[in-house]
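Everything on this sheet refers to the single structure shown next.
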Amino acid sequence: LFKVSLTRGARSQLLLRLGGHGDCVFRCCFSPLVDGLLATGSDDRTVRVWSVKAEVLEALALSAEALPARAGPVSPVVRADRVLKGHSSKVRPIVWSHEVSSILVTGSWDATIRVWDLAAEGDALCATVLGHSEDVYGLASHPHRPFTFCSSSKDNTVRFWALDSPHLASMRLRSLRHARLSATSRQDSQSEHPGSVGRFSEEKKDA
């Protein structure tokens, strides 16, 4: 984590190093409801959850006092508060619920979406969604429609989901509908719609 200054010529300052992942980290996502709660996803197939607010404030205080007398920046290493295991391949998209602060949704190259409840004792995994047939590349939580998510995948679909029973351990993501990208030849696509690469068709999906 860095302290970034927008002043011209000013240097960014390293505040914290988050240690623990065993491979490349591709996603970082702060909770919209809990200040300082951060989730990270990695090629090591794990999701790690960090509470960094206290550590950031401490590092800022230390840097303000000690930096003039030291040659380098203050950069303590912080370990994750929670390690979520369940995906069998690289973790890519991560998104927090906008309604329940403990709910985290993740996607992976194992073609699954997983729902986690960090408030649960023991195993935090609540649901595994098998709708996609290939790598899951993207996830988004609707900021204004409660418990509604969408996902995108290498299988050329964008799928929409509703989270049922968000306060229960038996929660699941219920499929609403999906849009499939029908690939066309580049020449036909550009002649019909310049700059486009295909067309979308929507299909209603029942639970």
Side-chain angles (χ1 to χ4, degrees), residues 1 18-34 37-52 78-143 145 147-166 168-181 183 200 203 205 207:
L1 296 180
L18 306 181
H21 280 298
D23 211 328
C24 300
V25 178
F26 276 88
R27 288 291 184 275
C28 298
C29 184
F30 275 101
S31 168
L33 300 177
V34 181
L37 189 62
L38 174 69
T40 59
S42 169
D43 281 1
D44 65 8
R45 302 178 294 180
T46 70
V47 178
R48 294 174 187 258
V49 181
W50 323 72
S51 180
V52 298
V78 177
R79 299 296 173 181
D81 298 314
R82 197 87 179 258
V83 179
L84 307 179
K85 297 181 179 181
H87 284 297
S88 60
S89 188
K90 302 173 181 179
V91 178
R92 284 298 184 265
I94 298 174
V95 64
W96 291 94
S97 167
H98 281 83
E99 294 76 33
V100 181
S101 62
S102 63
I103 294 179
L104 181 67
V105 183
T106 63
S108 168
W109 283 12
D110 63 11
T112 71
I113 298 170
R114 296 178 189 255
V115 183
W116 313 83
D117 183 2
L118 301 180
E121 296 183 2
D123 189 1
L125 182 61
C126 297
T128 300
V129 184
L130 303 175
H132 285 294
S133 60
E134 294 192 57
D135 308 355
V136 179
Y137 286 157
L139 282 169
S141 173
H142 199 296
R145 182 171 294 179
F147 307 110
T148 301
F149 297 82
C150 69
S151 59
S152 62
S153 168
K154 188 180 178 181
D155 65 11
N156 290 333
T157 66
V158 175
R159 296 176 181 261
F160 299 85
W161 312 88
L163 187 62
D164 291 335
S165 304
L168 303 177
S170 59
M171 71 177 70
R172 65 195 179 100
L173 277 177
R174 174 171 56 86
S175 178
L176 296 176
R177 62 172 58 88
H178 72 263
R180 179 173 293 277
L181 177 62
F200 281 101
E203 300 179 23
K205 299 298 287 184

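None of these values were measured; they are calculated from a predicted model.
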Tell me the closest heavy-atom pair linking [X] and [Y], and the distance in Å.
X	Y	answer
A120	D123	CB-O, 4.1 Å
S108	H87	CB-ND1, 3.1 Å
H98	S141	ND1-OG, 2.9 Å
R45	S89	CG-O, 3.3 Å
H142	E99	O-OE2, 4.2 Å
G20	R79	N-NH1, 3.3 Å

Show, in sequence, the C-alpha distance, side-chain angles and deciding distance for W109 and D43, and conclude whether the side-chain contact (heavy atoms from CB on, under 4.5 Å) test is met. CA-CA 9 Å; W109 283 12; D43 281 1; over 6 Å; no

Tell me, do V49 and W116 make a side-chain contact under 4.5 Å, heavy atoms counted?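 Contact flag for V49/W116 side chains = no.
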
Backbone N or O of [Y] within a donor-acceptor pair of the [X] side chain at under 3.5 Å?
X	Y	result
T157	R159	no
D155	S133	yes
S102	D117	no
W96	L33	no
D110	T112	yes

Rounded to the nearest 0.5 Å, how far apart are [atom1] of [X] and [atom2] of [Y]?
X	Y	atom1	atom2	answer
W50	L1	CH2	CG	9.5 Å
C28	L18	SG	CG	7.5 Å
L139	F149	CG	CZ	8.5 Å
T40	L84	OG1	CG	9.5 Å
F160	S151	CZ	OG	8.5 Å
S31	L118	OG	CG	9.5 Å

Would you say D23 and S42 are linked by a side-chain donor-acceptor pair, where the criterion is simply a distance under 3.5 Å?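 The answer is no; no qualifying pair exists.
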
With side-chain contact (heavy atoms from CB on, under 4.5 Å) as the test, would you mind laying out the steps for R27 and V91 before giving the verdict? CA-CA 8 Å; R27 288 291 184 275; V91 178; over 6 Å; no

Can you confirm if the NZ or CZ of R92 lies within 45° of the ring axis of Y137 and under 6.0 Å from the centre of its six-membered ring? no

